[in-house]
There are 2 protein chains.
Amino acid sequence: MSQHRHPGAPGRAGAVPALPDLPEATVARLPEYLRALHNLADAGHETVSSEGLAGAAGVNSAKLRKDLSHLGSYGTRGVGYDVALLIDQIEFVLGLTQRRAVALVGVGNLGHALAGYDGFASRGFRIAALFDADASRVGEMINGLVVRHIDELPRVAAEEAISIGVIATPAPAAQAVAEQLVAVGVTSILNFAPCVLSVPDGVDVRKVDLAIELQILSFHEHRKASLTALPAAGGSALTALPGGLATPDTQEAIGT
Amino acid sequence: MSQHRHPGAPGRAGAVPALPDLPEATVARLPEYLRALHNLADAGHETVSSEGLAGAAGVNSAKLRKDLSHLGSYGTRGVGYDVALLIDQIEFVLGLTQRRAVALVGVGNLGHALAGYDGFASRGFRIAALFDADASRVGEMINGLVVRHIDELPRVAAEEAISIGVIATPAPAAQAVAEQLVAVGVTSILNFAPCVLSVPDGVDVRKVDLAIELQILSFHEHRKASLTALPAAGGSALTALPGGLATPDTQEAIGT
DNA sequence: CGCGATTTGTGCACGTCTTCACAAGCGCCT
DNA sequence: AGGCGCTTGTGAAGACGTGCACAAATCGCG
């Protein structure tokens with residue numbers, strides 16, 4: 001099914017062409033493909049096979065082909081995918097054709113680092129404003145931006161079209177900040193505070209918790225240790241664990 | 001199935017009792033339960049129902065019960081779970097009964113923030129050493145730790161039992177660092193560099209890419225915008241999107 | 001001592017994601 | 001023009017994860 005997507009194929013038409021609703025798992029992998037494609041483009045490649053791109057993105061080729069097929073992408077059989085075209089398609093689907101404005105709330109340890117992280121700028125985002133509730137931090141300049149008090153959020157949001165809010169406050173403050181963001185119309189939030197946010201329907205929240213990532217790794221360490229401690233069968237070489245047990249595919253199991 | 005786990009129920013015996021191999025999705029949620037449980041304990045609760053804990057952790061209660069049943073946990077029907085006992089069990093399964101030593105490589109913008117993040121210490125980890133390849137950064141003190149040159153990794157690893165390596169270098173350096181970590185026996189790596197690491201079997205890698213998180217949110221923004229732009233049916237209130245479309249369960253869909 | 005209210009643990013059905021395997025399509029070489 | 005090798009796109013099967021709904025178990029109260 002689904003032969004013809006994106007009516008006039010190459011130059012995407014001005015109006016929004018009703019996004020095919022992609023499986024969430026696919027959406028989570030598209031950014032990785034995009035990054036790999038940029039690398040390939042920089043290295044001078046004009047086309048790439050599903051095998052090649054899959055290798056660069058750390059997935060298997062069947063998965064990659066199915067993912068790309070979902071967005072109606074046109075590869076050429078016998079040849080592969082056109083790198084530049086595919087970059088355009090993925091950037092379009094991800095909504096990266098416009099440079100989205102990000103508001104960052106909480107300029108502590110982590111917030112500072114995020115404000116200075118140039119990976120955002122290079123991958124389609126612009127940090128439009130910094131906020132904090134701590135009066136002693138207000139006025140500070142970070143990376144060319146001045147830290148504003150959180151109460152100024154409504155005024156600033158009226159000027160800049162804030163697309164995404166990033167919360168990097170301590171946990172106790174996060175829920176209130178989320179509500180303030182929602183109140184000014186933000187419908188996508190990236191939460192670094194270790195707590196659950198409750199938001200109205202229609203608002204997307206993604207959470208990144210650094211300690212949780214370590215704890216998941218800790219589990220696997222613990223399991224590996226217990227396996228070698230009670231050796232079920234022969235082998236002692238710790239690189240040659242039973243097989244199915246060792247790292248099924250942790251690498252991309254994260255995004256999902 | 002699975003009545004009796006952990007032979008002598010409460011005080012876990014000295015030896016390792018052969019971890020039940022949990023579904024990966026469950027493992028990813030346990031840390032969240034743990035955090036919620038600590039909050040409950042601090043608030044003075046001695047027991048909690050699956051409904052209550054599920055609410056605090058942002059999942060539904062059936063999922064929570066199934067997750068806990070996997071680790072053979074004993075709740076009491078009609079009452080709920082003993083908070084303190086459950087904390088012990090989860091911490092044991094996650095391997096948090098020992099305070100794991102973490103080596104952090106790359107003391108740039110992000111690395112600095114990570115080194116100063118006290119969430120690690122409070123949740124079972126100890127940053128044991130900081131490394132960087134840049135000679136101008138070596139010797140700097142961060143949070144009571146001195147930054148060492150990456151070449152000292154083998155010597156330091158011999159002293160401290162490094163359990164987990166964290167890579168916060170620029171992408172081009174990450175693969176080499178990963179290999180150095182593996183060479184000194186590290187089998188769990190948390191990678192913040194935007195690139196795919198290739199490591200031997202038996203080594204677990206988890207990746208956190210901040211730009212990818214934003215790009216996933218961007219997709220949802222883009223989709224929401226395209227939906228309201230071509231209004232299929234009646235409603236205009238942007239909080240009342242069709243329902244199935246709005247945020248199925250992004251909140252916990254992350255860990256997986 | 002028995003009963004009802006409550007809450008866990010789980011069998012089952014459903015949906016989603018992954019993987020295999022192969023037909024269809026494309027370019028190139030003869 | 002024809003055939004051959006390569007690569008995509010996809011049907012189908014299997015693995016995995018989720019959520020419902022209910023039986024089994026426990027507590028407290030009369």
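Naming convention: chains lettered A, B, ... in sequence-line order (proteins, then strands); numbering from 1 in each chain. The model shown is predicted, which means the values in this text are computed figures rather than measured ones.
Not one side-chain nitrogen or oxygen of A/K63 sits closer than 4.0 Å to the OP1 or OP2 atom of C/dC17. OP1 and OP2 of C/dC26 both lie 4.0 Å or more from every side-chain N or O belonging to A/Y81. Taking 4.0 angstrom as the limit, B/Y74 places none of its side-chain polar atoms (N or O) nearer than this to OP1 or OP2 of C/dT7. An OP1 or OP2 oxygen of D/dT8 is reached within less than 4.0 angstrom by a side-chain nitrogen or oxygen of A/S50.
The main-chain N or O of A/V203 is never found under 3.5 Å from a side-chain atom of B/H220 such that the two would form a donor-acceptor pair. Listed for the B/Q215 side chain is a donor-acceptor partner under 3.5 Å among the backbone atoms of A/R123. Side chain of A/R100 to backbone of A/G95: a donor-acceptor contact under 3.5 angstrom is found.
The pair B/D204-A/R223 does not meet the salt-bridge criterion, since no charged nitrogen lies less than 4.0 angstrom from a carboxylate oxygen.
Atom CG of A/L30 and atom P of C/dC17 are 13 Å apart (whole Å). Distance B/L53 CG to C/dT6 P: 20 Å, rounded to the nearest Å. Rounded to whole angstrom, the span from the CG atom of B/D21 across to the P atom of D/dA15 amounts to 16 Å. Between B/D67 atom CG and D/dG19 atom P the separation is 11 Å, expressed in whole Å. Atom pair A/H70:NE2 and C/dT18:C1' shows a separation of 11 Å (rounding to whole Å applied). The distance between atom CD of B/E24 and atom C1' of C/dC17, rounded to the nearest whole Å, is 15 Å. The nearest whole Å value for the distance from the CG atom in B/L68 to the C1' atom in C/dT7 is 13 Å. Rounding to whole angstrom units, CG of residue B/L64 and C1' of D/dT18 are separated by 13 Å.
Residues satisfying the salt bridge (charged side-chain N to carboxylate O under 4.0 Å, His left out) criterion with B/E221, sequence neighbours excluded, are B/K224.
Considering only side-chain atoms of A/R77, the nucleotide from C/dT8, C/dA24, C/dT10 that sits closest is C/dA24. Of all nucleotides listed (C/dC17, D/dG9, D/dT8), C/dC17 comes nearest to the side chain of A/A25. Ranking D/dT7, D/dG9, C/dT18 by closeness to the A/S49 side chain, first place goes to D/dT7.
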Would B/T26 and B/D67 count as a side chain to side chain donor-acceptor pair (under 3.5 Å) here? Give the steps. CA-CA 6 Å; B/T26 295; B/D67 282 343; 2.7 Å; yes
Walk me through whether A/V93 and A/L22 qualify under side chain to side chain contact (heavy atoms under 4.5 Å, CB included). CA-CA 10 Å; A/V93 170; A/L22 308 174; 3.7 Å; yes
How far apart are the C-alpha atoms of A/R35 and A/E32, what are their side-chain angles, what is the distance that settles it, and do they pass the salt bridge (Lys or Arg N to Asp or Glu O under 4.0 Å) test? CA-CA 5 Å; A/R35 192 190 47 71; A/E32 195 71 45; 2.3 Å; yes
Do B/D209 and B/F192 pass the side chain to side chain contact (heavy atoms under 4.5 Å, CB included) test, and can you show the C-alpha distance, the side-chain angles, and the key distance before you say yes or no? CA-CA 6 Å; B/D209 186 322; B/F192 286 91; over 6 Å; no
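Here the straight-line distance linking atom CG of A/L37 with atom CG of A/D82 works out to 10.0 Å at 0.5 Å rounding.
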Identify each atom pair where a protein N or O and an N or O of nucleotides 20-22 of chain D are less than 3.5 Å apart, giving names and distance.
unit_1, atom_1, unit_2, atom_2, d
D/dA21, N6, B/R65, NH2, 3.3

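The nearest heavy atom of DNA chain C to B/G80 and to A/T26 marks one nucleotide each, and the one closer to the 5' end goes with B/G80.
Comparing the helix axis at one end of the helix from C/dC1-D/dG30 to C/dT30-D/dA1 with that at the other, each defined from 5 consecutive pairs, gives an inter-axis angle of 10° (nearest 10°).
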